[in-house]
Engineer: 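Before anything else, here's the structure in question.
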Amino acid sequence: MSNNNNNTEMNNLAMEEEDEGEIFLGESDVLREIDVDEEDLPEADDDDMDDDAEEFDENDDSVHTFTGHKGELYALACSPTDATLVATGGGDDKAFLWKIGNGDWAAELPGHKDSVSCLAFSYDGQLLASGGLDGVVQIFDASSGTLKCVLDGPGAGIEWVRWHPRGHIVLAGSEDCSLWMWNADKEAYLNMFSGHNLNVTCGDFTPDGKLICTGSDDASLIVWNPKTCESIHVVKGHPYHTEGLTCLDINSNSSLAISGSKDGSVHIVNLVTGKVVSSLTSHTDSVECVKFSPSSATIPLTATGGMDKKLIIWDLQHSTPRFICDHVEGVTSLTWIGTSKYLATGCADGTVSVWDSLLGNCVHTYHGHQDAVQAISVSTNADFIVSVSVDNTARVYETSEFQNKVA
């Protein structure tokens, strides 16, 4: 009888548990904890891993990914003479030369003791300059990656490097408020330009090689005589920027400079008179990139991108926005694609988009990066768009992707 009673009680208990739903253990129910060696745990299902990989690949439009860096990428340059040759640099204190479509060839360019912040090929494609936050500029043979010389002098990090359009004269702006110029063939210091009060954040030779134009965190633009180091014009105060300059570009006939600022403003300066000739007001956050349209453009345009998530294409003749192109996140970089009507933007969401400057529409968006795009460039034959990201990779996209789409 007792066994039957026990069975009846157990059955009743089981029914009550089913009625109550799930039963959870409390801390008082735990008898003891057992340490488990991770090696004894079952491995993840390979099929699940394969599914994840396939899903990742489906979101990657790149035809080539360079993964040689071990840190965030900041710097990028495409060779002006070899459509496959690319240079990248970043937070791992290294630069690399590598070739699109040739995963077996890469040249590591060591030597910097801090992040590689900027890269530039000479106009003949023979030399590559790398600038680092260690305050040093290194010059490499572009075909082999061999170090030719080390150029020093600046007392702080290098912000940017540029080459003279008709010679191996290299120019660099520094965080120490100065601008430096060297002869790379002779490994010789030429001049130091002093006039800014804060970091020299952007600058370049004019396309005719006769002037230098620089912008600074001190909210000024200076036009220099490269031979005498004298400042020809200092543009500062109303109606110019109220905060530091972030970017500038010079038009093809060396007459105008366009600059963007942290204050969200864009201004165009006549380099002959030193006067502000146009103020383009529409951005509501820091302007990160500015670029005049190619000289072959039928309509004179300029493009600006900012952290307000906008690319703005401007009509230069009327100083008005022609198109405002919205992005998901801030626009970090832009470039025109060869001499075409198309331009590409790099975005903080990791995408690269291509826009028709005459219609204002997005014709293609490339996916692949897992984090913000820092810089973009186009191969000299305009077949490839290259981008670098804080996700430690550089990626290459084919322009035929959108050209076939709009043809």
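This is a predicted model, so every value here is computed, not measured.
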Engineer: Between His367 and Thr351, does any side-chain donor sit less than 3.5 Å from a side-chain acceptor?
Structural biologist: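 Short answer, no.
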Engineer: Salt bridge check, Asp217 against Lys262: does any charged N sit closer than 4.0 Å to a carboxylate O?
Structural biologist: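 Salt bridge: yes.
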Engineer: Could you walk me through whether Ser178 and Trp180 satisfy the side-chain hydrogen bond (donor to acceptor under 3.5 Å, both in side chains) test, starting with their C-alpha distance in whole Å, then the side-chain angles of each, then the deciding distance to 0.1 Å, before giving a yes or no?
Structural biologist: CA-CA 7 Å; Ser178 65; Trp180 294 71; 2.6 Å; yes
Engineer: Compare all side-chain heavy atoms of Ser333 with those of Val373 and state whether any distance is below 4.5 angstrom.
Structural biologist: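 Yes, their side chains come closer than 4.5 Å.
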Engineer: Measure the spacing between NZ of Lys309 and OG1 of Thr284 and express it to the nearest 0.5 Å.
Structural biologist: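 Lys309 NZ to Thr284 OG1: 10.0 Å, rounded to 0.5 Å.
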Engineer: I'd like to know if Asp141 pairs up with Lys148 as an ion pair, taking the criterion as any Lys NZ or Arg NE/NH1/NH2 lying under 4.0 Å from an Asp or Glu carboxylate oxygen.
Structural biologist: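 Here Asp141 does not pair with Lys148 in a salt bridge, since their nearest N and O are not under 4.0 Å apart.
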Engineer: Let's go through Ile376 and Ser387 carefully: what are the C-alpha distance in whole Å and the side-chain angles of both, what is the deciding distance for side chain to side chain contact (heavy atoms under 4.5 Å, CB included) to 0.1 Å, and is it a yes or a no?
Structural biologist: CA-CA 4 Å; Ile376 58 174; Ser387 57; 3.7 Å; yes
Engineer: Does His369 offer a backbone N or O that forms a donor-acceptor pair with the side chain of Asp391 under 3.5 Å?
Structural biologist: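 Answer holds: no.
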Engineer: Any side-chain heavy atom of Val287 within less than 4.5 Å of one from Cys247?
Structural biologist: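 The answer is yes; the side chains approach within 4.5 Å.
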Engineer: State yes or no: are the ring centers of Phe66 and His64 separated by less than 6.0 Å?
Structural biologist: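 Phe66 vs His64: aromatic centres not under 6.0 Å.
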Engineer: Taking atom types as modelled and ignoring hydrogens, do the side chains of Asn183 and Asp185 form a donor-acceptor contact shorter than 3.5 angstrom?
Structural biologist: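 Judged by distance alone, the side chains do not pair up.
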Engineer: Please check if the distance between the ring centroids of Trp355 and His327 is under 6.0 Å.
Structural biologist: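 Yes - the distance between ring centres of Trp355 and His327 falls below the 6.0 Å cut-off.
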Engineer: Donor-acceptor pair, distance only, cut-off 3.5 Å: does the side chain of Tyr397 make one with the backbone of Thr365?
Structural biologist: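 Absent.
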Engineer: May I ask you to decide if the ring planes of Tyr240 and His267 are parallel, tilted or perpendicular, using 30° and 60° as cut-offs?
Structural biologist: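 Geometry flag for His267 against Tyr240: tilted rings.
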Engineer: Can you confirm whether more than 12 heavy atoms, excluding those of Lys236, are under 6.0 Å from its NZ atom?
Structural biologist: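 Atom NZ in Lys236 is crowded, with more than 12 foreign heavy atoms closer than 6.0 Å.
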Engineer: Using modelled atom types and a 3.5 Å cut-off, is there a donor and acceptor pairing between side-chain atoms of Ser117 and backbone atoms of Ile158?
Structural biologist: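 Yes, the answer is positive, given that a donor and an acceptor are paired below the 3.5 Å cut-off.
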